[in-house]
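Everything on this sheet refers to the single structure shown next.
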Amino acid sequence: MTNTIADIEKADVILVTGSNTTENHPVISSFIKRAVKFKNKKLIVIDPRKIKLVEFADIWIRPALGADVAWINGLMHVIIKEDLYDKRFVEERTVGFEQLKEITAKFTPEYAEKITEIPADKIIEAARLYAGAKAGSILYCMGITQHITGTDNVKSLANLAMLCGNLGIEGGGVNPLRGQNNVQGACDMGGLPDVYSGYQKVILPEMRQKMETAWKVPILPDKPGLKATEMIPNAHTGELKALYVIGENPLVSDPDLNHAKKCMEHLDFLVVQDIFLTETAKLADVVLPSKCFAEKDGTFSNTERRIQRVRKAVEAPGHARDDWKIISEIALRMGYSMHYEDSEKIMEEIAFVTPSYGGITYQKLEKEGGIYWPCPNTEHPGTPILHVGTFPIGKGVFNAIDYIEPAEKTDEEYPMYLTTGRIIYHYHTGTMTMKSEGLNERAPECFVEITNNDAEKYKLIEGGKVNVTSRRGEIDAVVKISDKAVSGTVFIPFHFANAAANMLTNAALDPISKIPEFKVCAVKLSLVEAN
Amino acid sequence: MNNKNQIIINGNKLSFERGETILNVARRNNIEIPTLCELKGASPTGACRICVVEVKGAKALITACSTSAENGMDVMTESPDVISSRKETLNLLLASGNHNCAISGVKDWTQFQLNVCKDEGNNEELCPSWGECKLQDLCFRYQAIGGQYEQKRTKYPAELANPFIIRDFSRCILCGRCVQACNEIQVNEAINFGYRGADTKIVAAGDRPLKDSDCVFCGECIQVCPVGALVEKDARYTARSWKTEKVKTTCTYCGVGCQIFLHIRNNKIIKVTGDAESPPNYGSLCVKGRFGFDFVNSSERLTSPLIRKDGELKEATWSEALNFTAKNFAKIKDNYGGDSIGVLTSARITNEENYIANKFTRAVLNTNNIDHCARL
Ligand code: SF4
Ligand code: SF4
Ligand code: SF4
Ligand code: FES
């Protein structure tokens, strides 16, 4: 997030898109709901489902699946045409405005309506409301990123925020809500194929040199590596021989699971390090038991870039070990010493090689409770709001982006759209939440959320079973008739391994982020007769 | 500073900001006024009248939590009138339901404490919130022992029909904090006051059980309930506060990173509460963070390394597993180069561990093939 969570309540207008916040980030949703109910702030919800937040919204807009670039461009078209944009911000802090103006010229509300199925007057209304705000905050989640156009969607939202001068101010910002607790930290720490910790690029010779010196190795590879969604297919072709999976369960979370499993079976050597024998671990050659969060010391960085302590509270079961210790032991046996006394010592090294974490020490964290990076030195108070006064690259760049259709459309054979997501009672692939009887009691099984009309069409009854088939696979699940659903589209939560929604989803990837298009695919439905 | 905005509390001249309550002025200056129904972040209701104070010249005692400070007010927070009013309020509250925490009926305090020490709090009759109850604390402080009024019995049976929360109406003092928390803090709008007069009860819409209501089991109401009327089902009698240790950490589920306390007894997490003082969540949690910790102690946890032998995963020692892993990585790296190995690190492990995974991949395996599943 460019801004903090608490900052949400300071926005005049909050625009939430592609985030079912009350289910996925419940505590953040309270900030939004409070702002609307008690602080008279305006809320725009742009989501294909009639999610809970819609009850609080001033405007709810329901775009067709995968049409995000079109409505964002539509909004910008109106804002530019009606002269509602922040001229000073655009002039002083950005480049590329002319190109943006050019590309959005054709996205008249009427043209956008054709693509998005959003009534033209709604687009105008939302544009005026967002542009009229002194401070407008944009919140988004996987509903924006999990498309073949995910990168385009994100850039388009940044365009919109810059156009209205909503960056670098209190209550503004473009705020991605991270799904997993330490996604932010995994990215910050170099858990990405093209950067070291602190987003220092591996292709830059000076960065490589710096890390070579720090790590005392002669030469580091200069070519960016494979992304997760490329590793799996590369296993199939034989280019990837071995995979070391730490705390992930790609065999439920990956798109097109049938294919993913085949790929993994092709590997010469698969190591899985986890707290449970997950679906992925069952395929492994070696399984290494690790500790869970309650058993170790360290830090997590949350979605607002706040670095916070994790503290050991209980002893780990059996022979489970710290993830970092296991990795260091393997390194040692491969002839490289990676010895640390404890996690605090690792943080010292992180601070030394990572400018944005330069001032982070356990002592400072103890004193301040949490620190927002960038925090370049120990005297620095941290940075709750990014981009105040200037962008790291100098000027903000408008990216002129055109609309591209989703990879898979409905047709006669597969007439319904499927979109996937989470529910409040479970987390990701369920390896942790499904160990809790209470959570299972609240959400025991996979379901297919569908409108009353569509259910009637396929003769489905509440609580009965339905078969959902896509071009890639099929699952059976329980029918749940809901007014959250919209006609023509069904929603399936992806947590459940025994009816994994990702048997159905499309592995088509965004060309840059390589994020799969989980949010749109075409399916057909049929009644499963009770026997 | 504006001299006009000044009040006197217990003889101290204090400045205040327009609109500030007497309670807040006092708190800012470390003058303690007891409260029960007042809830930070929510609008004051003035329901319990524990926070009454005496204002010189005023006809009656006033509630400090819901009265704004006014220039020239001369306030006393522990005058004899205030104390007797609080004692009276507490006695009425004790009589309003089942507060069998050994105070009622026992005539002296020593006896009272001895009674409890005797069974170490293992007695299931004893209120589950013993030792952590604001009502009990206040009764102790103002020496209110009940017994003056006829003991009322609630006609509403306790609600146990959900996996997380026990609602024991017999101990509810109708302070309304849970209602405030649900409607004004979490804004889940699941519960409210229902019925009237002596029948008043906290209800979900239509007086349905929580499991059939809009309740999402965030547990905010439990955390703010000052008495034993709302408690965690699993931790009901195990979480006696003086037998548990609290460790502050960060929730392991979503990216909000709520600050939590793990309550530990015998190397086991028995309950989780939010840290009310700390951003980003200021005490709020969701159902996963508050109730989703069973996995830690699950019997399905991996406890030993496993190596595949003859097609099956078999238990192995650490040195076997580590040697085997290192040998295979080294062999594949030698034969096909580092780029033939990939590492999937995790959004669930710590920063320190992710850094180590990044260093291992690049410096030891000599490849940049590292990613995590954030995209998924
Ligand atoms: S658990 Fe949460 S949603 Fe349910 S009644 Fe309590 S505060 Fe409301
Ligand atoms: S349940 Fe607890 S918080 Fe709610 S009104 Fe009763 S005593 Fe107060
Ligand atoms: S308590 Fe809920 S909202 Fe808070 S970090 Fe955990 S999962 Fe996220
Ligand atoms: S705390 Fe003031 S009336 Fe209850």
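A note on names: the letters A, B, ... follow the listed sequences, proteins ahead of strands, and every chain is numbered from 1.
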Worksheet, complete the sentence: Applying a strict 4.5 Å limit to non-hydrogen atoms, the region of Val202(A) in contact with chain B is side chain

Worksheet item: Checking His372(B) side chain against Ala347(B) main chain: does a donor-acceptor pair fall under 3.5 Å?
Response: no

Practice prompt. Look at the side chain of Asn368(B) and the backbone N and O of Lys223(A), then say whether any donor-acceptor pair between them is shorter than 3.5 Å.
Written response: yes

Worksheet entry | chain A interface, residue from Leu262(B), Ile332(B), Thr325(B), Asn335(B) that has the most non-hydrogen pairs under 4.5 Å | Thr325(B)

Worksheet item: Heavy-atom distance under 4.5 Å to chain B: side chain of Val286(A), backbone, both or neither?
Response: both

Worksheet entry | Contact origin within Glu239(A) toward chain B - heavy atom pairs under 4.5 Å | backbone

Worksheet entry | Ring centres under 6.0 angstrom apart (Phe360(B), Tyr336(A)) | no

Practice prompt. State whether the side chain of Ser340(B) and the backbone N or O of Gly337(B) hold a donor-acceptor pair below 3.5 Å, judged by distance alone.
Written response: yes

Worksheet entry | chain A contact via Asn323(B) - side chain, backbone, both or neither, heavy atoms under 4.5 Å | both

Worksheet, complete the sentence: When the 4.5 angstrom heavy-atom criterion is applied to Leu283(A) and chain B, the contacting part is backbone

Item to complete: Is it possible for you to check whether Arg34(A) lies under 6.0 Å from the centre of the six-membered ring of Phe31(A), through NZ or CZ, and within 45° of that ring's axis?
Response: yes

Worksheet entry | Test log, rule ring-ring contact (aromatic ring centres under 6.0 Å, His included), inputs Phe217(B) and Phe291(B) | CA-CA 9 Å; Phe217(B) 297 101; Phe291(B) 296 111; 7.5 Å; no

Worksheet item: So what's closer than 4.5 Å to chain A heavy atoms on Glu315(B): side chain, backbone, both or neither?
Response: neither

Worksheet item: Do the side chain of Asn328(B) and the main chain of Leu270(A) share a donor and acceptor less than 3.5 angstrom apart?
Response: no

Item to complete: Could you tell me which portion of Tyr253(B) (side chain, backbone, both or neither) has an atom closer than 4.5 angstrom to a non-hydrogen atom of chain A?
Response: both

Fill in: Under 4.5 Å from a heavy atom of chain A, the part of Glu277(B) involved
neither

Item to complete: Under 4.5 Å heavy-atom distance to chain A, tell me which part of Phe324(B) shows up: side chain, backbone, both or neither.
Response: both

Worksheet item: Contact part of Ile349(B) toward chain A, heavy-atom cut-off under 4.5 Å: side chain, backbone, both or neither?
Response: both

Item to complete: Pick one of side chain, backbone, both or neither for Pro317(A), based on which atoms fall under 4.5 Å of a heavy atom in chain B.
Response: both

Worksheet item: Using non-hydrogen atoms only, which part of Glu23(A) is less than 4.5 Å away from chain B: side chain, backbone, both, or neither?
Response: backbone

Worksheet item: What part of Ile185(B) gets closer than 4.5 Å to chain A, counting heavy atoms only: side chain, backbone, both or neither?
Response: both

Discussion item. Report which part of Val247(B) has an atom under 4.5 Å of a heavy atom belonging to chain A: side chain, backbone, both, or neither.
Written reply: side chain

Worksheet item: Between Leu322(B), Ile341(B), Val364(B), Ile307(B), which has the largest tally of heavy atom pairs under 4.5 Å with chain A?
Response: Leu322(B)

Worksheet item: Checking heavy atoms, do the side chain of Met231(A), its backbone, both or neither come under 4.5 Å from chain B?
Response: side chain

Worksheet item: Most heavy-atom pairs under 4.5 angstrom with chain A, which of Asn162(B), Thr252(B), Thr249(B)?
Response: Thr252(B)

Discussion item. Need one label for Tyr425(A): side chain, backbone, both or neither, based on atoms under 4.5 Å from any heavy atom in chain B.
Written reply: both

Item to complete: Report yes or no: do Thr22(A) and Ser29(A) form a side-chain donor-acceptor pair below 3.5 Å?
Response: no

Discussion item. If I measure from the heavy atoms of chain B, does Ala214(A) come under 4.5 Å with its side chain, its backbone, both, or neither?
Written reply: neither

Item to complete: Can you tell which part of Cys218(B) gets under 4.5 Å to a heavy atom of chain A, answering side chain, backbone, both or neither?
Response: neither

Fill in: Per-residue contact mode, Asn24(A) against chain B (heavy atom under 4.5 angstrom)
backbone

